Amino acid sequence: MKYLAEFSDPVLAKKLVDQIHATVTKPWAMMEVCGGQTHTIVRHGIDQLLPDGVEMIHGPGCPVCVTPLEIIDKALEIASQPGVVFCSFGDMLRVPGSGRDLFRIKSEGGDVRVVYSPLDALRIAKENPDREVVFFGIGFETTAPPNAMTVYQARKQDIANFSLLVSHVRVPPAISAIMESPNCRVQAFLAAGHVCSVMGVSEYPPLAAKYQVPIVVTGFEPLDILAGILRTVTQLERGEHVVENAYRRAVTDEGNTAAQAMLSDVFETTDRAWRGIGMIPRSGWRLSERYRAYDAEYRFQVRDIDTEESKVCRSGEVLQGHIKPHECEAFGTLCTPRNPLGATMVSSEGACAAYYLYRRLQTPEVVSSVG
Amino acid sequence: MEIREEDGTRMGMVDFGGVLKDVCLAYLPDLEVGEYTIVHVGFALQRLDEESARQSLALYRQLGALEEEFGDHWGLAAQQAGERRPPGTEETMT
Ligand code: SF4
């Protein structure tokens, strides 16, 4: 694959690491927003190559982790109804709701199917006109345009047995919420590159100015992350706080305007609860009035459900950067990727799963390396 | 990669390092055969700009080149002053 190997080159990585060490004179704490970046950082041990005192705080950018429990419970409710084909990305099947998960519904005979793209779910709806096909539409600004296009196509092609259970979330309001939380330690952000591929960078300068934090748009390969960190610490050391784009090969200033147009046609912003974090104003998208007929919450009248979060799980604190995953008592014992107690242990983008996969294997003698 | 219309939507075959996948190109209406793209859940979302990729890599290479040319300032300065290197710079020696 083009430009994957190049951006993992260990020789160049060493140069960037050296440059970071040469730049830093004080301790700094910065947050990588995106779970994909968390995965790369933990996998390659990038946080352990940084100068003492420079800390990476893992952000809430894992779509599986922040999908509210209430929506998971609604999904479980809909998926267990007869005549329904419930389609989802694979990661969502293991996310614990109040007491069960989609996998359990499937093993008990529910028609729960894993799809690769929302268009697959639309195709299933076309092929099964006598069934109700529901797609679980979760994710950030990167997954929202595909889901918007799918609903648009359903309407255009008059496919009436298709609907979307929507729980989309937006990054900029989350950055505000993090900066305004009382014990916030974050001094800079690595912004999620793929979100910016779609949305461009225009939402960030007001945030950088208001909270006086550097925001550096960053990609996902080891060199991308190191370059993002280098630019961030350079700004911090100089006392600057501007938006920089360190992922120019995939992010233009204006983003993907065709996708943005579709988003504003199909969705409208709404307040949304983030699992483990709570309500963040204007942080979500739901289907707009004209597409209400395709909204599974209306179609299935999922009644208000009493939700019950695990008493042991501390994923809320993990998601807000207050604790690291291994500081949770259940980590690796009661809670593992095979038997997750919290959503952050489910997807490989979740901080608990990333630590379980890569950190657990390390002994103090093993020095991690980039590349 | 090949491009075609399906239900009035632009679709294309994308090569993921040997694995072929059918991808919706509606959000990149001017993507052409031979270009690189970021794909997410079956949708092409942004083209990959080869020129920028090359520039970034060239920049990272230069970082080291400068250091090799001028040597390790901190180490040199500290040595001359007979002092310890400033904190955070210990690792810069190559
Ligand atoms: S290790 Fe498991 S129980 Fe602990 S915070 Fe993470 S997901 Fe929750």
Side-chain angles (χ1 to χ4, degrees), chain A residues 1-4 6-7 9 11-26 49 51-54 89 115-120 139 142-143 145-147 149-150 152-153 156-157 193-194 196-198 219 223-224 226-227 230 246-252 255-256 258-259 262, chain B residues 6-11 14-19 21-30 35-68 72-75 85-94:
Chain A
M1 266 175 272
K2 193 79 174 173
Y3 297 124
L4 285 187
E6 288 92 332
F7 281 90
D9 182 338
V11 176
L12 297 189
K14 173 80 168 65
K15 290 184 175 173
L16 283 165
V17 170
D18 288 348
Q19 193 70 22
I20 291 168
H21 279 262
T23 305
V24 167
T25 66
K26 299 190 201 66
L49 296 172
D52 286 345
V54 174
F89 298 133
V115 293
Y116 157 73
S117 161
L119 288 176
D120 297 340
T142 25
T143 330
N147 293 346
M149 175 63 77
T150 306
Y152 172 83
Q153 288 290 340
K156 198 170 125 197
Q157 299 176 41
H194 289 172
C196 297
S197 293
V198 173
L223 293 191
D224 291 320
L226 287 169
L230 175 57
Y247 194 37
R248 288 211 176 269
R249 69 183 188 279
V251 175
T252 59
N256 186 325
M262 183 63 78
Chain B
E6 191 181 299
D7 295 325
T9 309
R10 211 154 167 266
M11 301 289 291
V14 173
D15 180 349
F16 293 82
V19 182
K21 273 186 183 158
D22 208 18
V23 163
C24 178
L25 304 179
Y27 289 134
L28 281 181
D30 53 354
E35 288 190 290
Y36 293 90
T37 170
I38 305 257
V39 174
H40 185 62
V41 299
F43 283 71
L45 291 181
Q46 191 58 263
R47 60 161 49 74
L48 211 56
D49 178 14
E50 292 201 64
E51 185 47 38
S52 302
R54 270 196 295 272
Q55 280 174 10
S56 304
L57 290 168
L59 188 76
Y60 305 156
R61 282 192 196 102
Q62 253 174 27
L63 283 176
L66 277 177
E67 203 174 292
E68 275 151 34
D72 175 6
H73 312 271
W74 290 119
R85 296 146 55 85
T89 66
E90 280 83 1
E91 308 278 318
T92 56
M93 197 109 67
T94 43

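These numbers were taken from a predicted model, which means no experiment stands behind them. The chains referred to below are lettered A, B, ... by the order of the sequence lines, with proteins before strands, and numbering in each begins at 1.
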From A:D9 atom CG to B:Y60 atom OH, the distance as rounded to the nearest 0.5 Å: 11.5 Å
Please give me the minimum heavy-atom distance between A:R248 and B:D49, naming the atom from each residue. O-CB, 4.5 Å
I need the minimum non-hydrogen distance between B:T9 and A:Q153, along with the two atoms involved. OG1-NE2, 2.8 Å
Holding to side-chain contact (heavy atoms from CB on, under 4.5 Å), I want the full list of residues that pass it with B:Q55, two or more places apart in sequence or in another chain. B:E51
Contacts of A:T150 meeting side-chain contact (heavy atoms from CB on, under 4.5 Å) (sequence neighbours excluded), chain-then-number -> A:P118, A:L119, A:L122, A:F162, B:F43
Is B:I38 close to chain A through its backbone or its side chain, or both, or neither, when contacts mean heavy atoms under 4.5 Å? side chain
A:S197 versus B:Q46, closest heavy-atom pair with distance: O-NE2, 3.1 Å
B:V39 versus chain A, heavy atoms under 4.5 Å apart: side chain, backbone, both or neither? side chain
Side-chain contact, heavy-atom cut-off 4.5 Å: B:K21 with A:Y116? yes
If one checks every heavy atom of A:N256 against chain B at 4.5 Å, the contacting part turns out to be both
When you measure from the side chain of B:Y27 to the backbone of A:P145, do you find a donor-acceptor pair of N or O atoms at a distance under 3.5 Å? yes
Please find the pair of heavy atoms, one from A:K15 and one from B:R61, that lie closest to each other, and give the distance. NZ-O, 3.4 Å
Honestly, the part of A:K156 sitting under 4.5 Å from a heavy atom of chain B is side chain
